[in-house]
Amino acid sequence: MSTHIKIVGILTARPGKASELGAFLSAMRVRSRAEPGNLRWDIWRDKANPDRFVLDELYVDEAAVAAHRNTSHFNDYAARIGDLADRTPITLDPVEVD
């Protein structure tokens with residue numbers, strides 16, 4: 001079974017911050033995708049609510065997630081995201097299905 005780790009982040013922009021949030025996430029995407037243990041870092045926008053973004057992240061393993069969380073760009077994200085959005089992070093393990 002795969003040891004990959006998926007993280008889904010649901011972010012709802014604070015009033016008037018959707019554009020700023022989108023630009024911030026786009027910059028984060030470039031840096032995160034460049035990490036050696038990153039397999040995916042995509043941004044989705046809710047068609048029904050343009051203030052809501054969904055992050056779709058995939059890492060090779062827990063060590064890659066830990067390395068991601070120790071980068072300067074993640075630390076900047078952690079420090080700034082609360083001013084831009086309400087967020088719900090979800091960390092997922094793969095499920096083997098017969």
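Basis for what follows: all heavy atoms, side chains included, without hydrogens, waters or symmetry-related copies. Computed from a predicted structure; not experimentally measured.
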Trainee: Would you call His73 and Glu35 a side-chain contact if the rule is heavy atoms closer than 4.5 Å?
Mentor: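 A side-chain contact exists here, since the closest heavy-atom pair is under 4.5 Å.
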Trainee: Got a second to check how far Glu57's CD is from Thr91's OG1, nearest 0.5 Å?
Mentor: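 That separation rounds to 8.5 Å.
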Trainee: What residues form a side-chain hydrogen bond (donor to acceptor under 3.5 Å, both in side chains) with Thr88, not counting sequence neighbours?
Mentor: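 Checked Thr88 against side-chain hydrogen bond (donor to acceptor under 3.5 Å, both in side chains); zero matches.
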Trainee: Mind checking what makes salt bridge (charged side-chain N to carboxylate O under 4.0 Å, His left out) contact with Asp46, not counting sequence neighbours?
Mentor: Arg52
Trainee: About how many Å separate CG of Asn38 and CG of Leu58, when rounded to the nearest 0.5 Å?
Mentor: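 Here the rounded value is 7.5 Å.
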Trainee: Tell me the closest heavy-atom pair linking Ala64 and Tyr59, and the distance in Å.
Mentor: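 Nearest pair, atom of Ala64 first, then Tyr59: CB-CB, 3.9 Å.
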Trainee: Of all residues at least two apart in sequence or in a different chain, which pass the ring-ring contact (aromatic ring centres under 6.0 Å, His included) check with Tyr77?
Mentor: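 Testing Tyr77 for ring-ring contact (aromatic ring centres under 6.0 Å, His included), a comparison that skips the adjacent residues, returns Phe74.
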Trainee: What is the minimum heavy-atom distance between Arg45 and Pro50, and which atoms define it?
Mentor: NE-O, 2.7 Å
Trainee: Can you list the residues that meet the side chain to side chain contact (heavy atoms under 4.5 Å, CB included) rule with Ser72, with sequence neighbours excluded?
Mentor: none
Trainee: Look up atom CG in Leu25 and atom CZ in Phe53, then write down how far apart they are to the nearest 0.5 Å.
Mentor: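 Here the interatomic distance stands at 6.5 Å.
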Trainee: Which heavy atom of Thr3 sits nearest to which heavy atom of Val60, and what is that distance?
Mentor: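 So the two residues come closest at OG1-O, 3.2 Å.
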Trainee: How long is the straight-line distance from CD1 of Ile5 back to CG of Leu92, given to the nearest 0.5 Å?
Mentor: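 The distance works out to 9.0 Å.
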Trainee: Using residues 9-19 as the side-chain source, report each donor-acceptor pair under 3.5 Å to any protein atom, sequence neighbours left out, with the distance given to one decimal.
Mentor:
residue : atom : partner : partner atom : Å
Arg14   : NE   : Gly82   : O            : 2.6
Arg14   : NH1  : Asp86   : OD1          : 3.1
Arg14   : NH2  : Gly82   : O            : 2.9
Arg14   : NH2  : Asp86   : OD1          : 3.2

Trainee: Should Ile7 and Ile81 be counted in the same cluster of Ile, Leu, Val, Met, Phe, Trp and Tyr side chains packed under 4.5 Å apart?
Mentor: yes
Trainee: With a 4.5 Å heavy-atom cut-off, do Thr71 and Arg31 have their side chains touching?
Mentor: no
Trainee: Looking at every heavy atom in both Ile43 and Trp41, which two are closest together, and how far apart are they?
Mentor: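 In terms of heavy atoms, the two residues are closest at CG1-CZ3, 3.8 Å.
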Trainee: Salt bridge (charged side-chain N to carboxylate O under 4.0 Å, His left out) with Glu62: which residues, sequence neighbours excluded?
Mentor: none
Trainee: Applying side chain to side chain contact (heavy atoms under 4.5 Å, CB included), can you list everything that pairs with Asp42, at least two apart in sequence or on another chain?
Mentor: Arg33, Arg40, Trp44, Asp56
Trainee: Rounded to the nearest 0.5 Å, what separates atom CZ in Arg87 from atom CG in Leu55?
Mentor: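 That separation rounds to 9.5 Å.
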